[in-house]
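These notes concern the structure reproduced below.
Numbers restart at 1 for each chain; the letters A, B, ... are given by sequence-line order, proteins then strands. What you see is a predicted model, and the numbers here were worked out from it, not measured in a lab.
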Amino acid sequence: MRRSLFPDHFSFPCLLKSCAAHSALSLGASLHSAIVHLGLEDDLFVRTSLIDFYGKCRQMDASRKLFDTMLHKNEVSWTALIDGYWNSGDGISARDLFDKMPHRNAITWNIMIDRYVKAGDLINARKLFDEMPERNTVSFTSMIDGYAKAGDMASARFLFEQLSDKDIFSWSAMVSGYVQNCQPIEALKIFLEMYNRKIKPDEVVLVGLISACSQFGRLSLAKWVNSFVQQISFDADNPHIYAALIDMNANCGNMEEAAFLFDSMKNRDLVSYCSIMQGYSIHMSGAKAVELFERMLKEGIMPDEVAFTVVLAACSKAGLVKEGNEYFNLMKTEYGIVASPDHYACMVDLLGRAGFLKEAYDLLRSMPEEPHAGVWGALLAACNRHSNAELAEIAMSRLSELEPRNAGNYVSMSNIYAADDRWMDVSRIRTQMSCRALRKIPGCTWIYS
DNA sequence: CTAGGGTTAG
């Protein structure tokens with residue numbers, strides 16, 4: 001038998017990585033005994049992979065023991081153990097080890113910064129960023145992403161301007177950041193600045209560009225972006241690109257193009273299904289969206305919490321009360337998804353729109369969490385539609401606390417009173433509005449050209 | 001040839 005058929009110190013790290021990815025603890029443990037048997041336990045790469053494997057399986061005692069008895073460690077061994085502690089929820093031990101590390105190149109700092117950024121702890125991330133001896137593009141991009149996710153685009157921009165070696169990652173982080181914070185004009189400007197510097201856009205930054213144009217809701221712009229992307233996108237099967245294009249076309253009123261793109265996809269994934277369903281939903285074809293949801297299930301694609309939000313909203317718009325109820329139950333029983341306030345908002349909207357105001361209110365009161373403004377807002381809208389001033393007053397009293405500056409709520413409430421000829425109450429609401437210096441934002445109707 | 005880092009869609 002040829003010796004090469006046995007796993008060696010090159011293949012064990014690879015095998016352990018795969019076990020870690022699948023949380024295959026017992027399989028990895030058998031590999032561990034094989035490693036000991038073959039006398040490969042002291043190999044730097046093999047030992048580090050074991051530390052990483054036990055850490056990913058949250059076996060910190062085993063991981064720590066292998067680390068402590070290690071003769072020669074490098075930064076990767078340290079990082080693997082730190083990562084294990086961090087992912088096991090022990091940020092204190094992780095940070096303690098990081099501070100004790102003997103050799104810290106830029107990369108180790110970047111990993112630690114990114115951990116804090118991903119945890120939303122920008123204070124600690126920034127401290128490390130300021131402390132580290134040499135910052136590179138990765139350090140800047142992690143911080144930029146952190147600020148963007150926290151909604152602080154001013155700080156993100158400030159760091160971006162200081163960054164001399166901007167690469168495609170940092171440009172992308174800025175474009176996506178503006179998109180995430182609903183600043184499509186800034187997103188577009190940054191993209192064009194990048195493009196004018198002759199930097200070749202990749203798929204990721206194109207997704208950002210498309211999403212920005214989706215937020216504009218301008219069909220002329222969408223048409224331009226559509227052809228622009230088709231011209232320069234090398235990977236035509238990228239599902240991210242497709243989902244973004246479908247979303248943009250649907251949002252800009254071009255359902256035909258959205259449907260064409262969806263149909264021409266080779267591998268439709270969850271997000272592309274959601275994009276097209278959302279498109280049909282906003283264009284008042286809720287039934288069509290529900291049909292697509294069924295087709296998606298038949299294809300074996302697992303719906304997640306967002307997919308259920310989309311389908312419940314579609315049921316609501318189409319008046320499919322029975323189906324909506326069924327999906328709401330299916331989500332909990334069949335897919336083990338805990339109903340979020342957004343799901344409840346969809347259900348209150350569904351029941352309320354169809355005139356089941358009592359049922360909507362009962363459902364709201366059965367919520368395990370405190371209902372947010374979206375849930376109360378859906379109830380208020382239903383009261384407006386079905387002229388129920390009594391229930392509307394309950395919703396309004398919560399809404400005036402949760403979102404006191406939302407003019408729409410006051411307008412709905414005053415309309416409900418007006419429909420009941422309660423003009424004294426109407427004027428009381430108007431006074432409240434002017435006291436809070438609110439005015440109705442004129443309705444905005446898109447006209448598709 | 002093997003172990004650790006930053007950007008993406010609904």
Side-chain angles (χ1 to χ4, degrees), chain A residues 4 7-18 20 40 43-53 55-56 73-84 86 105-115 117-118 125 135-146 148-149 156 163 166-177 179-180 194 201-212 214 238-248 250-251 258 262 268-279 281-282 289 296 303-311 313:
Chain A
S4 63
D8 58 9
H9 60 105
F10 287 122
S11 41
F12 274 119
C14 203
L15 292 165
L16 284 165
K17 193 179 175 183
S18 170
L40 294 170
D43 179 86
L44 173 68
F45 279 65
V46 173
R47 178 71 74 109
T48 301
S49 310
L50 280 168
I51 292 167
D52 181 62
F53 160 73
K56 286 209 167 71
K73 310 172 171 79
N74 67 5
E75 319 88 83
V76 186
S77 334
W78 282 84
T79 305
L81 186 67
I82 293 173
D83 215 36
W86 186 268
N105 323 351
I107 183 166
T108 5
W109 289 85
N110 288 343
I111 296 170
M112 200 65 218
I113 288 174
D114 195 53
R115 287 190 188 104
V117 162
K118 293 266 151 63
R135 286 170 282 273
N136 61 19
T137 312
V138 177
S139 335
F140 275 84
T141 306
S142 280
M143 284 307 303
I144 288 170
D145 184 45
K149 294 228 155 62
L163 177 59
K166 299 180 175 70
D167 65 4
I168 192 77
F169 285 81
S170 31
W171 286 101
S172 283
M174 284 304 291
V175 173
S176 309
V179 168
Q180 285 158 14
M194 184 200 83
D202 68 353
E203 270 90 355
V204 175
V205 79
L206 286 178
V207 167
L209 168 74
I210 301 164
S211 308
S214 176
N238 185 315
H240 288 290
I241 296 269
Y242 263 95
L245 283 175
I246 291 167
D247 170 74
M248 177 187 72
N251 260 346
F262 181 75
R268 296 176 192 93
D269 65 350
L270 178 62
V271 181
S272 43
Y273 261 104
C274 287
S275 301
I276 193 81
M277 280 164 52
Q278 174 81 6
S281 189
I282 58 177
M296 183 186 89
D304 65 358
E305 61 280 353
V306 182
F308 275 105
T309 309
V310 174
V311 78

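Contacts of A:Asp83 with the nucleic acid, taken as non-hydrogen atoms under 4.0 Å apart, are absent. At a threshold of 4.0 angstrom between heavy atoms, the contacts of A:Ser139 with the nucleic acid are absent. Within the 4.0 angstrom heavy-atom criterion, no nucleotide atom of any strand lies near A:Val310. Across all strands, A:Asn136 comes closer than 4.0 Å to base atoms (heavy-atom distances). Here A:Lys149 lies in heavy-atom contact (under 4.0 Å) with sugar-phosphate atoms only. Contacts of A:Ile246 with the nucleic acid, taken as non-hydrogen atoms under 4.0 Å apart, are absent. Within the 4.0 angstrom heavy-atom criterion, no nucleotide atom of any strand lies near A:Ser11. Using a 4.0 Å heavy-atom cutoff across all strands shown, A:Lys56 reaches no nucleic acid atom at all. A:Asn74 comes within 4.0 angstrom of a nucleotide base, judged by non-hydrogen atoms across all strands. Here A:Gln180 lies in heavy-atom contact (under 4.0 Å) with sugar-phosphate atoms only.
For the pair A:Arg268 and A:Phe262, the cation-pi criterion (under 6.0 Å, within 45° of the ring axis) is fulfilled.
Residues satisfying the salt bridge (charged side-chain N to carboxylate O under 4.0 Å, His left out) criterion with A:Asp269, sequence neighbours excluded, are absent altogether. Judged as a salt bridge (charged side-chain N to carboxylate O under 4.0 Å, His left out), and not counting sequence neighbours, A:Asp247 has no contacts. Every residue two or more places apart in sequence or in another chain that forms a side-chain contact (heavy atoms from CB on, under 4.5 Å) with A:Pro13 is listed here: A:Phe45, A:Val46, A:Ser49. Applying the side-chain contact (heavy atoms from CB on, under 4.5 Å) criterion to A:Ala212, with sequence neighbours excluded, gives A:Val179, A:Pro184, A:Ala187. Judged as a salt bridge (charged side-chain N to carboxylate O under 4.0 Å, His left out), and not counting sequence neighbours, the contacts of A:Asp114 are A:Lys118. For the side-chain contact (heavy atoms from CB on, under 4.5 Å) test, residues two or more places apart in sequence or in another chain that qualify with A:Asn136 are A:Ala106, A:Asn110, A:Val138, A:Ser139. Partners of A:Leu163 according to the side-chain contact (heavy atoms from CB on, under 4.5 Å) rule, which considers only residues two or more places apart in sequence or in another chain, are A:Thr137, A:Phe140, A:Lys166, A:Ser170.
Running 5' to 3' along DNA chain B, contacts with non-hydrogen atoms of chain A at under 4.0 Å begin and end at B:dC1 to B:dG10.
DNA chain B is contacted by A:Ile107, A:Asn110, A:Ile111, A:Asp114 of residues 106-115 of chain A, taking any non-hydrogen atom closer than 4.0 Å.
The pair A:Arg115-A:Asp83 meets the salt-bridge criterion, since a charged nitrogen lies less than 4.0 angstrom from a carboxylate oxygen.
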